[in-house]
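First the structure, in the form of structure tokens, and then the observations on it.
None of these values were measured; they are calculated from a predicted model. Throughout, a chain's letter reflects where its sequence line sits, starting with A, and its residues are numbered from 1.
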There are 2 protein chains.
Amino acid sequence: MDIDELARRSGVSAATVSRALNGRPEVSAATRARIVALAAELGYSPNASARTLASRRSGLIGLLWDTDYRSGGRQHPFLQEVLIGLKAALSDRGQGLILLPIVPPDDEAGYVRLARQYTLDGIVMMGVDQHTPQVRALLATPVPCVGLDLALDGPRTASVGSDNRSAAATAVAHLHARGHRRIATITGPLDLWPAAERLAGYRAELARRRLRRRPEYEVAGDFFAASGTAGMRRLLDLPTPPTAVFVAGDAMAIAAMRAAADTGRTVPDDVAVVGFDDIDAAAMVHPGLTTIAQDYRRFGTTAARVLAELAAAPSTEPPRSVLLPTRLVVRESSGTDDST
Amino acid sequence: MDIDELARRSGVSAATVSRALNGRPEVSAATRARIVALAAELGYSPNASARTLASRRSGLIGLLWDTDYRSGGRQHPFLQEVLIGLKAALSDRGQGLILLPIVPPDDEAGYVRLARQYTLDGIVMMGVDQHTPQVRALLATPVPCVGLDLALDGPRTASVGSDNRSAAATAVAHLHARGHRRIATITGPLDLWPAAERLAGYRAELARRRLRRRPEYEVAGDFFAASGTAGMRRLLDLPTPPTAVFVAGDAMAIAAMRAAADTGRTVPDDVAVVGFDDIDAAAMVHPGLTTIAQDYRRFGTTAARVLAELAAAPSTEPPRSVLLPTRLVVRESSGTDDST
DNA sequence: CTGTTAGCGCTTTCAG
DNA sequence: CTGAAAGCGCTAACAG
């Protein structure tokens, strides 16, 4: 069953079938209806390769996702949900998602070649280092690229992520509202956009609340558990330890709670903790971890939309970045509300 | 830069270039070397659509992954790792991975159409219900399909999963070695292959160790946390409660530990717990959860290999199933070794 | 071992 | 509004 067969059976030419099925305005409503009905009846669907070859558009979006990259612990906390959102949004637009293989760093043109090879309509990146030669080469290209949690730069690029800055501020405000005045933070790797923004939000909220900012209250972490343990120990060993800690990632936060417990402190009474990400474990540990939940599914749907906009817009526009709202999930690790 | 251009520059015909680049035996070593070198130099890579159209093979594997399906809690515990393994193994074979959209149940031919549309070389399924009409229609087709943790049936199908039965036996043996004689289990949904196998392994090991099998020691769960809580409560309320519980999934196991603690029991002293899956949280909770780790990455690499074998073999062979080894990860929830 | 010749199944001018 | 014709870039017989 190919387009010629369908054309013959519906008594028109292949060109008309093509037009009808692609929603072109030139076909009369009657012919279109007839063709569409027959196509459905016969189970016809156009061959993707032939269509791509002829039209020079594949309807395929590539996903660039680097496993080896530093992430929030044993796994990207969010690949799963992002994929769900992406898949749904793309298939609504009649597009498909293809997972790109990782190319070696010495193959500078690797991704550019992949994009051409598959005639990709756009690329979504997550967990990659945008400063490597292969990625830079791709970004320099007019192929639409959107970075998730990644600040991208190039002629047709955009970024999608949570509003990490205000999320962090919310976390700090929450602790402040619970009566805390000595609030510390354990950060992520500050060369990563989200980590830097979270620290900025922490500082901004301290300022807004007129709390003193102490350098020794900002300890560097790397999103992995071990750095949460180390960070909490350091904070608790301070002459004037904090009474609350905003930890920029849940894996670190959970490890930090454990570290506090191991040195005889009680969470949240001796030290309150707020995390970031709302990983599964946050609800499973005891006490439950108060944390910031991100809407990862929306990362995906937003990426799909932004990609389409990028394809339509002239490549002269400056890179945009879309910030998504987050949600504070209150559990036990931040104590109970004083005001009740 | 297309094949004709490359052909012109290397002084041969397009056909020869095609042969050289596809590793056909008919080309002389010298010509091949020349062409390959020039291709690399010019950054030529063949257009995937043109190649698919002409050869009727795309090198694309589809991933069928249903989000809505019952899984091990908030997320498939393993999509991430499987994807890593799949991607690596496929790209080693020069194949690609495309994520298939979920088709509505009333579109019986949906997946068959997708497979034809993209000229898929094979399909990997996870988390889908193989009894739905759309999936059954696909399985009836000669397209190679492999199910992960899914017992599939059809002319060109196979299954890949852990050896759940012996893994469960190992868990029970471990508890027995720690001195436990009253060992209960909380199961997964028994219509799922892995859940059924785990129960079978539990029973087999009880028998092997000549332990009495008590019906009231087999309580039904659904892999979700709430059923772990309920299950543990029921077991502890028994006139003769078990001293150890093998829980068929970590989300349930962690909830079960919490339930035990909430009723004043200490884990592992009053009741020992062994889980299954080794989710991230297993190492984060307190006490750490002893559990069975599966090699999910190997699910992916194995699936890629099996798919290739399926494509090569005649479609008359009966469905095969490949069982992968697991690993017992001993933490605190199962107590300490008596023998030391 | 290599070149020539047909397509693969679709879209897209260009005429009408 | 519709049809005819010309490819899209590659592979696969078929000759030589």
task: Walk me through it: do A:Thr31 and A:Ser28 pass the test side-chain hydrogen bond (donor to acceptor under 3.5 Å, both in side chains)?
output: CA-CA 6 Å; A:Thr31 359; A:Ser28 78; 2.2 Å; yes
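- A:Leu6 places its CG atom 9 Å from the P atom of C:dC10, with the value rounded to the nearest Å.
- With hydrogens and angles disregarded, no donor-acceptor distance shorter than 3.5 Å links the side chain of B:Thr16 to the backbone of B:Val12.
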statement: Whether each nucleotide of nucleotides 11-16 of chain C has a protein heavy atom under 4.0 Å at its base (B), only at its sugar-phosphate (S) or at neither (-) is summarised, 5' to 3', as BBBB--
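- In this structure, CZ of B:Arg8 is placed 12 Å from P of D:dG9, rounded to the nearest angstrom.
- Between the side chains of B:Ser162 and B:Gln294, at least one donor N or O lies within less than 3.5 Å of an accepting N or O.
- Under the 4.0 Å criterion applied to side-chain N and carboxylate O atoms, B:Arg320 and B:Glu309 are assigned as salt-bridge partners.
- Note on A:Ser49: nothing from the nucleic acid sits closer than 4.0 angstrom, heavy atoms only.
- Rounded to whole Å, the distance from CG on B:Asn47 to P on C:dC8 is 18 Å.
- Taking atom CD of residue B:Gln117 and atom C1' of nucleotide C:dC10, one finds them 13 Å apart after rounding to whole Å.
- The side-chain contact (heavy atoms from CB on, under 4.5 Å) test with A:Leu307 is passed by exactly one of A:Leu90, A:Leu86, A:Val124: A:Val124.
- For the helix from C:dC1-D:dG16 to C:dG16-D:dC1, the axis fitted to the five pairs at one end and the axis fitted to the five pairs at the other end meet at an angle of 30° (nearest 10 degrees).
- Distance, A:Tyr118 OH to D:dC10 P: 14 Å, rounded to whole Å.
- Summarising the local packing, CZ of A:Arg57 is surrounded by 12 or fewer heavy atoms from other residues, nucleotides or ligands at distances under 6.0 Å.
- Under the 3.5 Å distance criterion, the side-chain polar atoms of B:Thr157 are left unmatched by any main-chain donor or acceptor of B:Val146.
- When rounded to the nearest whole Å, the span between CE of B:Met1 and C1' of D:dG9 equals 12 Å.
- With a 6.0 Å radius and a threshold of 12 heavy atoms from other residues, nucleotides or ligands, A:Gln117 has its CD atom above the threshold.
- Atom CG of B:Asp2 and atom C1' of D:dT11 are 14 Å apart (whole Å).
- Rounded to whole angstrom, the span from the CG atom of B:Asp4 across to the P atom of D:dG7 amounts to 13 Å.
- Around atom CZ of A:Arg136, no more than 12 heavy atoms belonging to other residues, nucleotides or ligands sit under 6.0 Å away.
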